[in-house]
Amino acid sequence: MTGTEQTGSFRLGYVPGVTPGKWVRIWAERVPDVPLDLVPLPVAEAAPTLREGGADAALLRLPIDRAGLSAIPLYAETAVVVVPKDHEVAAVDEASLADLADYLVLHPLDDSLDWTEAEFPGRPALERPQTTADAIELVAAGVGLLVVPQSLARLHHRKDLTYRPLTDAPESRVALSWLEEQTTDLVEEFIGIVRGRTVNSSRGGGRQQDAAAGAGAAKGTSKSTSKGTSKGTSKASGSARPSGEARKKAAAPKRGKPRRRS
């Protein structure tokens with residue numbers, strides 16, 4: 001028995017910075033009989049939560065351990081550097097990793113960017129902050145800078161901080177993931193929604209198609225029966241009633257050859 005069958009809802013996990021609101025609204029329109037429950041997840045717990053049955057699907061950031069999981073990449077986010085508003089980097093429109101070489105750059109443990117050790121910019125801090133939220137506080141305190149996906153910079157917005165795009169940093173890839181062995185009809189439905197399929201497409205709208213087809217068949221049958229019965233009755237009535245020409249012929253006097261008088 002799947003988690004959906006047990007709870008009567010579809011549980012969608014999502015990591016910080018990902019905004020599933022649009023897809024949730026479409027789900028409510030297309031699958032009104034199955035509530036969609038949102039499950040906020042820390043980046044590091046997204047894949048384990050799927051494996052443990054804590055969610056039916058999740059919007060997470062790649063890379064992840066793909067063992068037993070299916071994943072569909074949805075979009076990629078630009079990485080930005082978060083700095084105090086009076087910092088030198090704030091004076092430019094965009095920066096490169098080389099521009100950060102002389103600065104201490106924080107690297108939180110929940111970082112979701114796909115760095116190699118050689119790629120990570122700037123001077124490393126002695127300790128890594130536990131979370132991105134912790135790192136933001138340290139940036140505000142003037143301890144160092146922080147590189148994150150743009151949506152996380154927006155999520156943790158502060159009046160005393162700003163951010164600038166990085167031209168050569170790795171992008172953050174957001175994907176929809178679920179257990180391979182539990183690719184249910186509801187999972188397929190949500191895949192269709194995030195991929196932009198319409199209700200009438202071949203996949204992702206089966207539930208609506210079945211309902212529409214049933215209603216259409218009933219309507220067509222009713223229309224056909226009504227139309228056919230009416231037409232058939234008219235034909236039958238017409239065949240029993242003589243035409244106007246036939247009535248004239250019947251009423252006209254019969255003419256034959258004149259008789260010769262004897």
Side-chain angles (χ1 to χ4, degrees), residues 12-24 38-47 58-65 71-177 194 196:
L12 177 67
Y14 68 102
V15 297
V18 176
T19 52
K22 174 185 175 182
W23 298 321
V24 172
L38 291 175
V39 183
L41 297 171
V43 171
E45 295 181 15
L59 296 165
L60 43 69
R61 296 183 187 275
L62 301 176
I64 57 170
D65 177 6
I72 299 174
L74 300 178
Y75 60 90
E77 283 188 68
T78 300
V80 300
V81 57
V82 181
V83 301
K85 280 194 172 179
D86 59 356
H87 195 275
E88 294 174 347
V89 174
V92 300
D93 293 331
E94 58 184 23
S96 67
L97 296 179
D99 294 329
L100 309 183
D102 296 331
Y103 303 109
L104 187 147
V105 179
L106 302 164
H107 192 189
L109 293 174
D110 64 353
D111 180 24
S112 60
L113 294 171
D114 192 12
W115 300 103
T116 65
E117 187 174 349
E119 287 177 331
F120 194 79
R123 297 184 290 109
L126 294 177
E127 294 183 7
R128 296 181 64 180
Q130 286 290 322
T131 67
T132 297
D134 293 336
I136 289 287
E137 294 295 327
L138 293 174
V139 174
V143 174
L145 310 184
L146 175 64
V147 178
V148 291
Q150 185 169 323
S151 64
L152 286 181
R154 291 174 176 167
L155 177 67
H156 296 288
H157 171 72
R158 290 175 54 123
K159 292 182 178 179
D160 53 347
L161 300 180
T162 187
Y163 61 86
R164 294 293 182 267
L166 286 172
T167 57
D168 52 353
E171 293 181 320
S172 175
R173 295 173 294 148
V174 175
L176 174 67
S177 185
V194 299

Checking [X] now: which residues fulfil side-chain hydrogen bond (donor to acceptor under 3.5 Å, both in side chains) with it, not counting sequence neighbours?
X: Arg173; answer: none
X: Thr167; answer: none
X: Thr132; answer: Asp110
X: Asp134; answer: Thr131

Looking at [X] and [Y], what are the two nearest heavy atoms and their distance?
X: Val139; Y: Val82; value: CG1-O, 3.7 Å
X: Leu161; Y: Pro84; value: CD2-CA, 3.8 Å
X: Pro73; Y: Ala71; value: CD-O, 3.8 Å

Item to complete: Return the set of residues passing salt bridge (Lys or Arg N to Asp or Glu O under 4.0 Å) with Glu77 (not counting sequence neighbours), or none when no residue passes.
Response: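 Result, salt bridge (Lys or Arg N to Asp or Glu O under 4.0 Å) vs Glu77: Arg61.
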Under 3.5 Å donor-acceptor pairs involving side-chain atoms of residues 40-47, not counting sequence neighbours:
none

Fill in: Residue pairs passing the side chain to side chain donor-acceptor pair (under 3.5 Å) test where at least one lies in residues 80-94, sequence neighbours excluded
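Of all non-adjacent pairs touching residues 80-94, those that pass side chain to side chain donor-acceptor pair (under 3.5 Å) are Glu88-Tyr103.
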Discussion item. Could you go through Tyr14 and Val174, starting from their C-alpha distance and side-chain angles, then the distance that decides it, and tell me whether this counts as side-chain contact (heavy atoms from CB on, under 4.5 Å)?
Written reply: CA-CA 10 Å; Tyr14 68 102; Val174 175; over 6 Å; no
Fill in: Passing candidate, side chain to side chain contact (heavy atoms under 4.5 Å, CB included) with Leu166, options Leu100, Val89, Val80, Asp99
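Option passing the side chain to side chain contact (heavy atoms under 4.5 Å, CB included) with Leu166: Leu100.
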Worksheet item: Which residue pairs satisfy the salt bridge (charged side-chain N to carboxylate O under 4.0 Å, His left out) criterion with at least one member in residues 146-171, sequence neighbours excluded?
Response: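 Pairs touching residues 146-171 that pass the test: Glu137-Arg158, Arg158-Asp160.
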Discussion item. Test: ring pair (Phe, Tyr, Trp, His ring centres under 6.0 Å). Region: residues 119-154. Which pairs qualify, not counting sequence neighbours?
Written reply: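 Passing the test, one end in residues 119-154: His107-Phe120, Trp115-Phe120.
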Item to complete: Sorted by first residue and then second, give each ring pair (Phe, Tyr, Trp, His ring centres under 6.0 Å) pair with at least one member in residues 138-172; sequence neighbours left out.
Response: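 Not a single pair qualifies under ring pair (Phe, Tyr, Trp, His ring centres under 6.0 Å).
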Quick one, [X] and [Y] - any side-chain contact, counting heavy atoms below 4.5 Å?
X: Val15; Y: Ser112; result: no
X: Leu62; Y: Asp114; result: no
X: Leu152; Y: Pro16; result: yes

Worksheet item: Can you name the side-chain contact (heavy atoms from CB on, under 4.5 Å) partners of Ala125, sequence neighbours left out?
Response: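 With neighbours one apart ignored, the set is Leu104, Leu106.
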Discussion item. Under the rule for side-chain contact (heavy atoms from CB on, under 4.5 Å), what residues qualify as partners of Val194, not counting sequence neighbours?
Written reply: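 Val194: side-chain contact (heavy atoms from CB on, under 4.5 Å) contacts with Trp23, Leu74, Leu176, Phe190.
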